[in-house]
Undergrad: 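Encoded as structure tokens, here's the structure I'll be asking about.
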Amino acid sequence: MPSTCEPLPRDFFLAPPSLVAPALLGKLLICRRGRALRRVRLVETEAYLGTGDRAAHSAAGRTRRNAVLFGPPGHAYVYFIYGMHYCLNVSTLPDGEAGGVLFRAAEEEGMPPRALSGPGRLTRALGIDLRDNGRDLTRPGSLYLADDGYHPYPVAQGPRIGIRHDAHLQLRFFLPGHPAVSRTRQLR
DNA sequence: AGCGGGATTAGC
DNA sequence: CTAATCCCGCTT
């Protein structure tokens with residue numbers, strides 16, 4: 001039984017996104033919105049590498065939108081997509097080096113799995129939007145990441161979803177068979 | 001100032 | 001399969 005629940009330290013995010021993404025599975029995303037306190041456990045993530053990854057928002061270099069990806073590790077990168085959805089990422093690698101991990105799905109006790117399945121539904125369920133962009137996710141506050149000692153097993157990987165470039169790269173990580181994980185192409 | 005695309009989702 | 005819907009980055 002997990003006894004401690006500590007915020008993830010800055011060093012956790014200092015590594016390449018391909019290592020941080022699987023390491024984040026099973027970790028807690030804690031969100032305070034007004035009186036409501038939500039604790040959700042990540043079950044699906046995707047790694048987006050730096051300037052070499054053509055599927056990453058940081059591929060073409062630093063802009064105002066993707067600046068957080070180039071900043072210090074452990075900060076929230078939130079972007080708005082298709083005119084209606086927000087997606088939440090955490091920055092990785094040292095300041096000056098781009099890299100991020102997209103949160104695709106999570107589970108929460110007492111909630112139907114579908115509510116937290118998919119990056120758009122996850123942010124919608126938690127009330128995350130552009131105001132959260134740049135937030136330090138290592139600092140206990142309205143939005144942060146924590147470790148309660150839970151280590152999920154097994155972890156599977158497959159191609160990232162919804163991207164055109166570098167579709168062969170196995171940079172999506174998930175708990176196989178979990179009801180909140182995207183059903184398509186669950187390869188090991 | 002205008003244009004086109006997008007790490008999605010719901011609905012037909 | 002396609003619409004919804006708007007921010008962002010790039011071109012004029």
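Chain letters run A, B, ... following the sequence lines, proteins first and then strands; every chain starts at 1.
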Undergrad: Quick one: CG on A/L49 to CG on A/D166, what's the gap to the nearest 0.5 Å?
TA: 8.5 Å
Undergrad: Can you check nucleotides 8-12 of chain B for protein contacts, nitrogen or oxygen pairs under 3.5 Å, and list what you find?
TA:
{"from": "B/dT8", "atom 1": "OP1", "to": "A/R104", "atom 2": "NH1", "distance (Å)": "3.2"}
{"from": "B/dT8", "atom 1": "O2", "to": "A/H85", "atom 2": "NE2", "distance (Å)": "3.1"}
{"from": "B/dT9", "atom 1": "OP1", "to": "A/G118", "atom 2": "O", "distance (Å)": "3.4"}
{"from": "B/dT9", "atom 1": "OP1", "to": "A/P119", "atom 2": "N", "distance (Å)": "3.1"}
{"from": "B/dT9", "atom 1": "OP1", "to": "A/G120", "atom 2": "N", "distance (Å)": "2.8"}
{"from": "B/dT9", "atom 1": "OP1", "to": "A/R121", "atom 2": "N", "distance (Å)": "3.3"}
{"from": "B/dT9", "atom 1": "O4'", "to": "A/H85", "atom 2": "NE2", "distance (Å)": "3.1"}
{"from": "B/dA10", "atom 1": "OP1", "to": "A/R121", "atom 2": "NH1", "distance (Å)": "3.4"}
{"from": "B/dA10", "atom 1": "OP2", "to": "A/R114", "atom 2": "NH2", "distance (Å)": "3.2"}
{"from": "B/dA10", "atom 1": "OP2", "to": "A/R121", "atom 2": "NH1", "distance (Å)": "2.1"}

Undergrad: For A/G134, is there any backbone N or O sitting under 3.5 Å from a side-chain donor or acceptor partner on A/H75?
TA: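 Judged by distance alone, yes, a pair lies under 3.5 Å.
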Undergrad: Between A/D136 and A/R10, is there a salt bridge with N-O shorter than 4.0 Å?
TA: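 Looking at A/R10 and A/D136, the cut-off is met.
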Undergrad: Should the pair A/R160 and A/Y48 be classed as cation-pi, given the thresholds of under 6.0 Å to the six-membered ring centre and 45° from the axis?
TA: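 Pair A/R160/A/Y48 counts as cation-pi.
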Undergrad: For DNA chain B, what dot-bracket results from Watson-Crick or G-U pairs at under 3.5 Å, with [ ] for crossers and | for inter-strand partners?
TA: ||||||.||||.
Undergrad: Look at the side chain of A/H165 and the backbone N and O of A/I163, then say whether any donor-acceptor pair between them is shorter than 3.5 Å.
TA: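 Absent.
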Undergrad: Quick one: A/H165 NE2 to B/dG5 C1', roughly how many Å, whole number?
TA: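 Checked: the NE2 to C1' distance equals 11 Å.
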Undergrad: Could you tell me whether a side-chain N or O of A/D147 sits under 3.5 Å from a main-chain N or O of A/E6, the two making a donor and an acceptor?
TA: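 A pair under 3.5 Å: no.
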Undergrad: Rounded to the nearest 0.5 Å, what separation is found between the CG atom of A/L122 and the SG atom of A/C87?
TA: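 One gets 9.0 Å once the value is rounded to the nearest 0.5 Å.
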Undergrad: Which heavy-atom pair separates A/Y86 from A/T123 by the least distance, and what is that distance?
TA: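 Closest pair (atom of A/Y86, atom of A/T123, distance): O-OG1, 2.6 Å.
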Undergrad: Need two values: the first and the last nucleotide of DNA chain C, 5' to 3', having an atom under 4.0 Å from any heavy-atom of chain A.
TA: C/dA4 to C/dG9
Undergrad: Is there a side-chain polar atom (N or O) of A/R164 under 4.0 Å from OP1 or OP2 of B/dG6?
TA: yes
Undergrad: At their closest point, which heavy atom of A/A76 faces which heavy atom of A/L88, and how far apart are they?
TA: CB-CD1, 3.9 Å
Undergrad: Does any N or O in the side chain of A/N66 come within less than 3.5 Å of the main-chain N or O of A/T63, such that one atom is a donor and the other an acceptor?
TA: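 Judged by distance alone, yes, a pair lies under 3.5 Å.
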Undergrad: Counting only heavy atoms and a strict 4.0 angstrom limit, can you tell me which residues of residues 13-27 of chain A come near DNA chain B?
TA: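 Here the set is empty: none.
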Undergrad: Could you tell me whether the side chain of A/Q170 and the main chain of A/H168 form a donor-acceptor pair under 3.5 Å?
TA: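 Yes; at least one donor-acceptor contact below 3.5 Å.
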Undergrad: Do any pairs count as a salt bridge (Lys or Arg N to Asp or Glu O under 4.0 Å) and have a residue in residues 120-131 of chain A, sequence neighbours left out, and if so which ones?
TA: A/D129-A/R131
Undergrad: Can you see whether A/F174 has A/R172 sitting over its ring - NZ or CZ less than 6.0 Å from the centre and within 45° of the normal?
TA: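 Yes - A/R172 lies over the ring of A/F174, closer than 6.0 Å to its centre and within 45° of its axis.
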Undergrad: Output the distance between atom CZ (A/R41) and atom CG (A/L24), rounded to the nearest 0.5 Å.
TA: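 Spacing of CZ (A/R41) from CG (A/L24) equals 13.0 Å.
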Undergrad: Which atoms form the tightest heavy-atom contact between A/A59 and A/R54, and what is the distance?
TA: CB-CA, 3.9 Å
Undergrad: Counting only non-hydrogen atoms, which of residues 43-72 of chain A are less than 4.0 Å from DNA chain B?
TA: A/Y48, A/A55, A/H57
